[in-house]
Amino acid sequence: MEYPALGEVVDLTELPKLDEKVLLNELKARYAKDKIYTYIGDILVAVNPFRDLGIYGKDASDKYKMSKRASHPPHIYAVADATYQAMMGHSGNDPNNQCILISGESGAGKTESTKLIIRQLIELCKGNTQLEQQILQVNPLLEAFGNAMTLMNDNSSRFGKYIQLKFKHGNVMGAKISEYLLEKSRLVRQSRGEENFHIFYYMLAGLSQEQKQKYSLGPADSYRYLSNGAQCLKKHAERLSMAYEEVVNHMDLVGFNADEQEDLFVILSGVLNLGNVTFEMNDHEAAFVTDKTKVQAAASLLGVEAKDLEEVLTFTETFARGESIRRNYTTEQAEDSRDATAKAIYGRMFGWIVNKINQLLAPKEILGPEAMEIDILDIFGFEHFERNSFEQACINLANEQLHFFFNKHIFFMEQEEYKREGVDWTEIKFVDNQPLLDLFIAKPIGLIALLDEESQFPKATDSTFVQKLNKNLQGNKYFIKSPNAKSDLFTIAHYAGKVEYSASRWLEKNRDTIPAGVLELLQRSKNHLLQLVFKAAFTRTGTLALQNRSSKKRTTRLKKGTPDPVTSKRKLTVGTQFKNSLQVLMERMSVATPHFVRCIKPNNDKLPKAFDDAYVNAQLLYTGMLETTKIRREGYAYRPLFSDFIERYDILLRQPRKDDDKAACLQILQTAGLNGYHLGKTKVFMKLHHIESLAVKLEEISLVAVVIQKVIRGFLGRRYVKKKQAEALQQAERVQQLLHEIEKLGIQGYEGQQKIGEPLPEGYFNEAVYDEPAGDYGFPPPPPPLTEDQITDTTNEETAGTGSDTDDEVLEDEFVPVKTTGMTKYGPAGTKQASMRWFRATQYDKLRQPHGGFAPWFHGIITRRQSEELLRGKQIGCFLVRVGESRFGYSLSFKSENRCRHYMVDQTASGKYVIVGEPKVHKTLNDLVAYHQKHCISNWSGLLTVPCGQAPGECDYQELVDPTTNHSYEGMYFELEPEKTRRMYHGRKRMEKREVV
């Protein structure tokens, strides 16, 4: 038998020999040929190339749209395609929710894989609306605020995210993001060679000098929180400046308004300035601020008084029996207070960003039971640094939980099913990491439970915590205590290897408390956004709750004298919140069909074309790649019940089906000509190639069915037309008969009148009976005109928690569509009058040229057909922009090769302009036009060329000119006919009278 050459096996289950060395060599050979994707049955292995291979363009995307898995080489787009088809119920699947789990070490390419999958899913639903573009902008937007450069990864996710895409009839309807454990400690200190969150470097590189002065920002090397700031900016200034522009573009497109963006950047600047506040001790052993200008700058940006901020950072004050007791901070305590305040601000701002995104991307309608979901998990990879702390322990716990989920689905559940169904099966051993999970999350002596217990004692220290661990976990083989009894170090043997942790600051990070007085101070901030996030409650998973609350227990009314629940309720520790979030995550994934992507990091130096055998082999070992390959080769990936199998494939039979379900299944399989399957007690066990073969046969029958339907529909259509023709002939004959009878009656009446001989009186038909007042015919009187007070805008209402509820436990925010009345402050939405008022109020001054007229490409409220008439006979690329009548926006119309094209232009919440479906936002319509005179629109290869002006002697935007002003039409690029000018004058006068009325 002839075997494929080394590096040419697309599915590792097809290898003739299976061992660790064979797997490694095959992946290495494929990597050398730039074949970074390989299958293990239905699992995709992706090796990070650390460079752009040019394999993600439109041609590749089109290739993996509703395709068969075996038709093309392995690709990340194929995973998105298979997931989408499974959700839709294609290829032998029942419609069901799907989830994609992307796992691997930090720097293995998980975040990029997530973005590619989302991009392909958007392509698959053939969407080109603003919603799809908003969803595509979410990941890069969150990366700016939640990612940072580490030793292992230049774009490392310092938080986890679970993305839920909601579909209806195959079209994406909305999205929701769940975020997990932002590494807030990175804000105040970074390890050597690492950086703070990207957004700070973007701001310092991209803000103008005027903006920097406004935000009190100086050089990067002047900030304590940016340990590597100057070097980073000097090396990548141009790239970082462009990244800032992209972040603003993302925020515009997603829907953040100008005020929100302004408040956000002001607060971030305030955080940087807060980090520069330093302290010293006075003679009374009390900390004081060394440079008051620093605290004044921070206070000004945060919207609080400098004196109040200085006080909450340097001492705490309590009241007992009517007396004030002041406790001064030491220098170290003051610095901890400053850093805790900065972390609280940044953490809540990040939570607000996620919350706002969820509000903006919530489905615009209530989705029924036919709605489906595709969820994507992009969570931090396993980490092992020179110094590992609380964050690394949580990150590695999450990876342990995902590894357990993978093992449960791939090994445990599948092999248990083989035993129950009587399948002849040789058990494949795998490493069960359940005992290690128990080490972390078991009660009462799991690591998190012990940490929470120690966190409740005010006098507990990191040393006492380690002593408690050593005492309670010393018999656990996965816990290794330090040889030095006084050390704060301990080691845990993870599935990916042993990791030594330092317990330094674990208690502080787990408590995550806000210094006394800071919460109340920031709740009174003049900055509306900062005030909002510090009045909000938290869910049990540690996320902000700003929208519609969902809670286990009924909300009760606050009694007089009841303390504010925001400040009085016992706050869940970070460890407990993270454990809760993992529990919720597992529950969500367990009710969906999982798809797995295993990302492999080829080397630890982030170098392209470098494959470190030992480093990669270690990843293959701890992920159980050999065992996975074996079970995917020997096992049965598709295991439907007899009844489900018959319901789906019964149509393949060309003869009567047997009554017994098992016999009927065998009958179908034999008719399909399949081999290598197994019939259990209640289920059919098949491999992936069986499903693909059955899908092909179903498709053949579908094509035949379409032909049959076409013939039958044609026959029925022709018969229907003949029937209608006959009815029409009969009706025509009856009409002719009726007309003939009417004619006869008319003649008879005329002859009778002639016989009477008495002529009708003159003016009989002109009597004033028609001028009499109309009687009451039961019609209601017309409604009175709306007043200004009655016209309200309800399209942008926002609700937020104020801390006044008493929900015992907030589960999570529910994001529901905002109900609107269809009424805006300009009048009923979708009417011409409302569009005219909107244009005069918000657009007129923006579009008016310095000389007094409008741009030659500008047109008023004209129809699509009228615009095509104007463009007829023009050169390719000739364009115009017209005001929309049915919505508040514009339409771009231009001449292409064989037709006119029309694109909607919307205004974002920040007041900028975007072509719907395009990723680029523009400050003005002039900028939009100028940009697309140099850059193509995504689905057209040409450019805008010359503007299409008004028709000779015409002006189609005369009604948009404010009638209360005396704007003349001098300075326009066209001349009106005298009659047109006279009509415009009188039309404006009539409009003035109407406005007065």
So does [Y] get a backbone contact from the side chain of [X], meaning a donor-acceptor N/O pair under 3.5 Å?
X: R639; Y: Y636; answer: yes
X: T831; Y: P828; answer: yes
X: S61; Y: G57; answer: no
X: N358; Y: I177; answer: yes
X: S891; Y: R882; answer: no
X: Y84; Y: I122; answer: no
X: E885; Y: I862; answer: no

Problem - Derivation and outcome, side-chain contact (heavy atoms from CB on, under 4.5 Å), residues K681 and K662 - result: CA-CA 8 Å; K681 297 176 182 178; K662 186 172 184 177; over 6 Å; no
Practice task
Please assess Y913 against T908 for the test side-chain contact (heavy atoms from CB on, under 4.5 Å), listing each intermediate value before the final yes or no.
Solution key: CA-CA 6 Å; Y913 301 89; T908 67; over 6 Å; no
Locate the shortest heavy-atom distance separating [X] from [Y]; write the atom from each residue and the value.
X: L688; Y: G41; answer: CD1-C, 3.4 Å
X: L44; Y: H75; answer: CD2-O, 3.8 Å
X: W940; Y: I876; answer: CZ2-CG2, 4.0 Å
X: R648; Y: P95; answer: NH2-CD, 4.5 Å
X: I646; Y: C665; answer: CG1-SG, 3.8 Å
X: L121; Y: A80; answer: CD2-O, 3.5 Å

Within the 4.5 Å heavy-atom criterion, are [X] and [Y] side-chain neighbours or not?
X: E692; Y: K68; result: no
X: M173; Y: F167; result: no
X: H932; Y: I937; result: yes
X: V696; Y: E700; result: yes
X: Q907; Y: Q843; result: yes
X: L674; Y: Y677; result: yes
X: N97; Y: V591; result: no
X: L253; Y: L136; result: no

Exercise for the section: List the steps and the verdict of ring-ring contact (aromatic ring centres under 6.0 Å, His included) for H690 and Y638. Expected result: CA-CA 9 Å; H690 292 143; Y638 189 59; over 10 Å; no
Practice task
Could you check E869 against R872 for salt bridge (Lys or Arg N to Asp or Glu O under 4.0 Å), going step by step and ending with a plain yes or no?
Solution key: CA-CA 5 Å; E869 287 293 329; R872 181 176 295 175; 2.9 Å; yes
Distance (rounded to the nearest 0.5 Å) between [X] [atom1] and [Y] [atom2]:
X: L880; Y: Y890; atom1: CG; atom2: OH; answer: 13.5 Å
X: T114; Y: I376; atom1: OG1; atom2: CD1; answer: 7.0 Å
X: L928; Y: L944; atom1: CG; atom2: CG; answer: 8.0 Å
X: N139; Y: L116; atom1: CG; atom2: CG; answer: 10.5 Å
X: K176; Y: D375; atom1: NZ; atom2: CG; answer: 10.5 Å
X: I861; Y: Q866; atom1: CD1; atom2: CD; answer: 11.0 Å

Could you tell me if [Y] and [X] have a donor-acceptor pair between their side chains, going purely by distance under 3.5 Å?
X: Y39; Y: R69; answer: no
X: N939; Y: Y903; answer: yes
X: Y56; Y: Q120; answer: no
X: Q950; Y: D956; answer: yes
X: S67; Y: D81; answer: yes
X: Q137; Y: Q133; answer: yes
X: R864; Y: S893; answer: no

Practice task
Evaluate side-chain contact (heavy atoms from CB on, under 4.5 Å) for H859 paired with L870, printing each intermediate quantity in order.
Solution key: CA-CA 11 Å; H859 288 257; L870 289 169; 3.6 Å; yes
Problem - Residues K168 and E370 bridged, charged N to O under 4.0 Å - result: yes
Practice task
Indicate yes or no: does D62 engage K58 in a salt bridge with an N to O separation below 4.0 Å.
Solution key: yes
Practice task
Verify ring-ring contact (aromatic ring centres under 6.0 Å, His included) between F858 and Y957, making sure each step is shown before the conclusion.
Solution key: CA-CA 8 Å; F858 177 74; Y957 56 74; 5.4 Å; yes
Problem - Q98: which of H595, Q85, E373 passes side chain to side chain donor-acceptor pair (under 3.5 Å) - result: H595
Exercise for the section: Please test C99 against I374 for side-chain contact (heavy atoms from CB on, under 4.5 Å), starting from the C-alpha separation and ending with a verdict. Expected result: CA-CA 5 Å; C99 69; I374 294 179; over 6 Å; no
Exercise for the section: Test salt bridge (Lys or Arg N to Asp or Glu O under 4.0 Å) on K65 and E123 and set out the steps. Expected result: CA-CA 8 Å; K65 287 182 179 178; E123 286 289 328; 3.2 Å; yes
Exercise for the section: Determine the interplanar angle of the W838 and F888 rings, folded into 0 to 90°, and report it as parallel if under 30°, tilted if 30 to 60°, perpendicular if over 60°. Expected result: parallel
Exercise for the section: Name all residues meeting the side-chain hydrogen bond (donor to acceptor under 3.5 Å, both in side chains) criterion together with E868; count only those two or more places apart in sequence or in a different chain, and write none if there are none. Expected result: H902
Problem - Heavy atoms from other residues, nucleotides or ligands near CD1 of I651 exceed 12 (cutoff 6.0 Å) - result: no
Problem - K874 atom NZ: more than 12 heavy-atom contacts under 6.0 Å - result: no
